[in-house]
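Contents: one structure, followed by commentary.
Since the model is a prediction, treat every value here as computed from it, not as a measurement. Start at 1 and go down the list; that is how both ligands and their atoms are numbered. The figures here come from the full heavy-atom set of this structure, side chains too, leaving out hydrogens, waters and symmetry mates.
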Amino acid sequence: MDFLLPSTGVIRYTVLSALNTLLAYGRRSNEGPLRQSDFDIDPATGFLTPEPLPRLPSEYRIWEDALAEAPEVLKLGDDNSDEAQSLRADGEHWRASIRSRPILDVQRIKDQIRLLQRAHLVLTWLVQYYVHSLPEVYPPVPKRVPESLAVPLVEVSRILGIAPVITFADTITWNWELINPSKPATIDNMKLAHSFSGLDDERHFYQVQAAVELHGTQLLRIIEDYNQIPNLDDFTSIFKVSRDLTRLAAIIEEFSDLIQSMRSGCDPHLFYWEMRPWYEGSDANGPSHPGWIYEGVDPNAPELQYLSGPSGGQSTVMHALDLFLDIDHKLQKRRYPLPSTENRRADHGFMDRMKQYMMGSHRAYLQRLERSPRSIRELAQRTPALREPYNNAVGALKKLRSLHMRVACLYIVNMSKTVNPRVSSCPGANMMERQAAKMEASTRPEKRDPIRGTGGTELAVLLKAGRDATARAAVRN
Ligand code: HEM
């Protein structure tokens, strides 16, 4: 049964990863109270950096310049509009210059976390621009990421402990600037730094998610307070926990309102056809499609397993919430109602895998939270006065996941049935393309792959399983 065993690369990576975490956090071997400041979490901005990332120093200027130029000259590879055709030569020139660039050494910035984050952002955006502007070919072939991008990206990612691909951090938590630099980082004083489509819809899409992250700082404070209460059994402590759980339910409802507000500024059709194609990672089309090749990088390098696109599943705030309320996504605990057959079929490793797309320090925060001996669910089970507030928080999270499923359905499942607007400017080809799309749609149920999320997962099954796992956390009276 060799195929069930992890490869030596994976074992090496797991051991190195564990060693890394031990070395970085060894100072706290005698773990004291959980403190956010130990994990590069800012009290005001949470998992967002406290200030906008600085630009890279002059020796990396070719990366910054290429990123500034990309939106001017690159279009999606399947774009045959007149404008795209007129830019084709410029686009090829941009890609050729990326291929001809030297491999820059990142050692000079290896101790400067904000510059490393900026390098990750710039390189991952360049990779997406490069790969998705390549002209489409049939049958599809693996897309090759030039070594001038791939090699430094893998190196920077190793230092940060994050996947070498565009992540939630590169699009949301690091991708902003201040409107008024003399004022603090609040959602009203932030503007988007980079956008693929240039559309207001893309700005809104990022802004809503950044608002959830910023709002999440209140939730992080509740978690920290909970972990610092000296004695959980006295009346004052129970009263505080009860009040905090009630506040937590309200915060989760506010997250839901934010998700709901996506519709007011982000058009589903534009999201699906103009924005989402730029985010796709190596596995977006499922296992039967060829993925990407990182030139100059050992193809067995363990981090190359993590090349999916960005996903809300990479939000550290949402993971912290799940861990605090003890949501069992992996179906390891005996809870009721028992999981449905469809729930069992879901990708139970998804949320765990998504942690590899976070900064090492944020992943370490989650690991520390996971090891916390104080389960709030167990406390609620043995304390009648806490059952209702706990269940209300779980109920609010279940409602959020139901709402999120509807949003994902509207923006992805429904839109996947519409026709790609990027068809040839030639009316004849246009008509043929539409005809082909119609025929494809009519054969869809039997022939098409399942609808996948940005992270390459079977979307509906995954999201339903997450909602049901949440509902199962509720404690019984
Ligand atoms: C247009 C808006 C959105 C769409 C289309 C969307 C779509 C998706 C999809 C397809 C997944 C499945 C996993 C994957 O492969 O990526 C997912 C997961 C997830 N999304 Fe969203 N999402 C949207 C907005 C949000 C927002 C605003 C949040 C912030 C709370 C969020 C949080 C999550 C979380 C936490 C997951 C992991 C699965 C789970 O916890 O249930 N999403 N999303």
Any atoms of ligand 1 less than 4.0 Å from a non-hydrogen atom of [X]? List them with their elements.
X: Ile412; answer: 5 (C), 10 (C)
X: Met318; answer: 30 (C), 35 (C)
X: Leu459; answer: 10 (C)
X: Tyr411; answer: 1 (C), 5 (C)
X: Leu462; answer: 12 (C), 13 (C)
X: Ile259; answer: 27 (C), 30 (C)
X: Met351; answer: 37 (C), 40 (O)

On a heavy-atom basis, I'd like to know which of [options] is closest to [atom].
atom: atom 41 (O) of ligand 1; options: Met262, Arg401, Gln209; value: Arg401
atom: atom 35 (C) of ligand 1; options: Gly312, Ala210, Gly216; value: Gly312
atom: atom 37 (C) of ligand 1; options: Gly466, Gly313, Cys266; value: Gly313
atom: atom 4 (C) of ligand 1; options: Ile252, Val208, Val407; value: Val407

Could you tell me how the ring of [X] sits relative to the ring of [Y]: parallel (under 30°), tilted (30 to 60°) or perpendicular (over 60°)?
X: Tyr365; Y: Phe39; value: perpendicular
X: Trp174; Y: His120; value: perpendicular
X: Tyr294; Y: Trp292; value: parallel

- prompt: Heavy atoms, side chains only, cut-off 4.5 Å: are Pro146 and Tyr130 in contact?
  reply: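 They are in side-chain contact.
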Does any N or O of ligand 1 fall below 3.5 Å from an N or O anywhere on [X], backbone included?
X: His404; value: yes
X: His329; value: no
X: Asp322; value: no

field: Steps toward salt bridge (Lys or Arg N to Asp or Glu O under 4.0 Å) verdict (Glu224, Arg35)
entry: CA-CA 6 Å; Glu224 184 161 321; Arg35 264 189 298 264; over 6 Å; no
- prompt: For Arg401, which residues count as a salt bridge (charged side-chain N to carboxylate O under 4.0 Å, His left out) partner, sequence neighbours excluded?
  reply: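 In terms of salt bridge (charged side-chain N to carboxylate O under 4.0 Å, His left out), with neighbours along the sequence ignored, Arg401 is linked to Asp322.
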query: Checking Gln209 side chain against Ile259 main chain: does a donor-acceptor pair fall under 3.5 Å?
result: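 No: the side chain of Gln209 does not pair with the backbone of Ile259.
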task: Step by step, work out the side chain to side chain contact (heavy atoms under 4.5 Å, CB included) result for Lys191 and Trp176.
output: CA-CA 5 Å; Lys191 62 176 182 191; Trp176 56 275; over 6 Å; no
field: side-chain hydrogen bond (donor to acceptor under 3.5 Å, both in side chains) between Thr167 and Asp170, worked out
entry: CA-CA 5 Å; Thr167 63; Asp170 301 290; 2.7 Å; yes
message: I'd like to check the ring-ring contact (aromatic ring centres under 6.0 Å, His included) partners of Tyr226; sequence neighbours left out, ordered by chain and number.
response: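 Scan of Tyr226 (ring-ring contact (aromatic ring centres under 6.0 Å, His included), adjacent residues dropped) gives Phe324.
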Ligand 1 versus Phe350: contacting region, heavy-atom distance under 4.0 Å: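 Side chain only.
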